[in-house]
Structure formats: structure tokens, C-alpha cells
Amino acid sequence: MTTDHGDRSAVARERVRARYATAAGQVRAGLTPSCSETDPAGMCGDAYDPAQLADAGGAGAASLGCGNPLAVAELLEGETVLDLGSGAGLDVLLSARRVGPDGFAYGLDMTDEMLDLARRHATEAGATNVEFLRGHIEAIPLPDASVDVVISNCVINLSPDKPAVFAEIARVLRPGGRVGVSDLIGDDETDPAALAEAAASAGAITGVLTRPDYRSGLLAAGLTAVTIIPTVRVATHVHSAIVRASRPISLSGRRARRRAPFPD
């Protein structure tokens, strides 16, 4: 990594951190935070059942996603789940309920203010099978092959090094593990300058990948069974999307720990 690229990445990361620190402060003040710098309407998308949000209390009010990764991930009891960019903890707490007492849900976030909120929400919910970790999604602080499912809600697009994120996802997944995320993608064959401007208007300050580039990035990291389905247009040239992928089962023929990859 060149110094210039590293400096740009650090600036982008600090901009993201500051935005989410501000959002955490808004939640503490009883306000509804915005999902992007140019969107004053609050949560991007309307993907959760209102009962889910109400049941999640403060974590539901602080959601800043562009979809509902739990509707994609099809979690099972006993699984270990990792939420990248866990924010105030909504998807971690909902995941913890899905996987039950024999399962576990990790949340990873780089913003101290959001981590404080998430831990408070977990205490309020009485959740004991959760842990919130401080760190970056480009360097996940978990061992190799330690989780069954990786989820994320509109966070990967914020990374200044998306290939590193994909490589880390593949590293921490167990053989047969799977990815189920909501994220932002750009329209194919869009002029790069126009796509960058549109991405910024949707809050993706480091830019978005087009569907072919997103797919190529996941495949290059060693993931398979990649599907990317655009859902809602959030800006000119930018859609929210459902992304699925799997880590291949080892060549030894050993079965996946709990379930096979997503069906076609």
C-alpha cells in the first residue's frame, strides 16, 4: 500500500467513524439517525418487520442499514454468526435469538460510541450469547474458520479496501460456511465519475462496486456460489442488493459443520 493510498484510506475511515459516532449521539438524544450524509429521512430501506424493530428496543431505533441480512442468512440454532459493522447491535441481537443458547453472535465495529450503545442494548435485552468486538472489517479479530455465517448491513461499501474485507470473510468462515449481506452496488458500465458521485449521495463515501466487480472480488477471495440480487434503487446508478456466497467444503469431503451452502 502506498503512503498516498494509506492516507486516503485513513481519511475515509475517520469520516465513516465520525458519522457513526454522531449517529450514536443522536440515538442517545432520542433522535433517529440518518443512514447517509445526504439522507435526512433516517433508516435506509424498510426491510424489517415492525415487530422486530419494536422488540429490539433502542437497537431497532438506531438501525442504519439498507436491507435485512437476517432475511438472507437463514440462521439455524447452534450456529456462530459474525456481523460486520454491527453498529448499535440490532442484527447481532436478532441473530442471537435465531441461533439460540447453543449458538453465538459476534458484532464487529470500529466506533467506540456504537460499541457502547450495542453493549447497553445487549444488557437491556438480557442477551448472554453475544460479544461486541472493536476492530476493522479489513482485519477481523477472530481466528481462522471460527464462524458459520457472516452477515453485514450496508457496511462493506464503506470500506476503503473491499478486497481485504472479502479475504477476511473467507478466512474466518468455516468450510461450508456462508455469507448473507445487504450492501450497495453500482449499475454496470456506469461512468466511474458519475458512479462515484452517485455513491457518495447514498452515503457510500469510498465508492461502490458494480455487480460484476463485487462478484469477482468474492470469487477472488475463494468464495463460491455467489449471487447478487439488486433490490431497491437508493440513488442514480446505485441499488441496495442481497449478496450471498459460500466457502467451499474442504476437498477432504468433510461435511460442512452445520449445513450446506445456500441452495440455488
In chain order, what residues pass the salt bridge (Lys or Arg N to Asp or Glu O under 4.0 Å) check against Arg171, with sequence neighbours excluded?
-> Asp144, Glu168
Which atom names give the shortest non-hydrogen contact between Pro212 and Asp188, and what distance separates them?
-> CD-OD1, 3.0 Å
Least distance between heavy atoms, Ser159 atom then Glu138 atom = OG-OE2, 2.5 Å
Give the intermediate values and the outcome of salt bridge (Lys or Arg N to Asp or Glu O under 4.0 Å) for residues Glu74 and Arg244.
-> CA-CA 11 Å; Glu74 302 174 6; Arg244 288 174 165 170; 3.2 Å; yes
Closest approach of Leu70 to Arg98 (non-hydrogen atoms, all atoms of both residues) = O-NH1, 3.5 Å
Considering only heavy atoms from C-beta outward, does the side chain of Asp91 approach that of Ile151 to under 4.5 Å?
-> yes
Thr80 versus Ser146, closest heavy-atom pair with distance | CG2-O, 3.8 Å
Does the distance from a Lys or Arg side-chain N to an Asp or Glu carboxylate O, for Asp187 and Arg233, drop under 4.0 Å?
-> yes
Note: Arg134-Asp112 ion pair, threshold 4.0 Å (strictly below) = yes
Would you list the pairs meeting ring-ring contact (aromatic ring centres under 6.0 Å, His included) in which at least one residue belongs to residues 199-222, sequence neighbours left out?
-> Phe166-Tyr214
Does a side-chain heavy-atom distance below 4.5 Å link Leu142 with Tyr106?
-> yes
Among side-chain atoms of Ser240 and Thr231, is any donor-acceptor pair under 3.5 angstrom?
-> yes
What are the two closest heavy atoms between Asn129 and Gly100, and how far apart are they?
-> ND2-O, 2.9 Å
Can Arg178 and Glu79 be said to form a salt bridge (Lys or Arg N to Asp or Glu O under 4.0 Å), step by step?
-> CA-CA 11 Å; Arg178 60 201 190 276; Glu79 290 188 314; 2.9 Å; yes
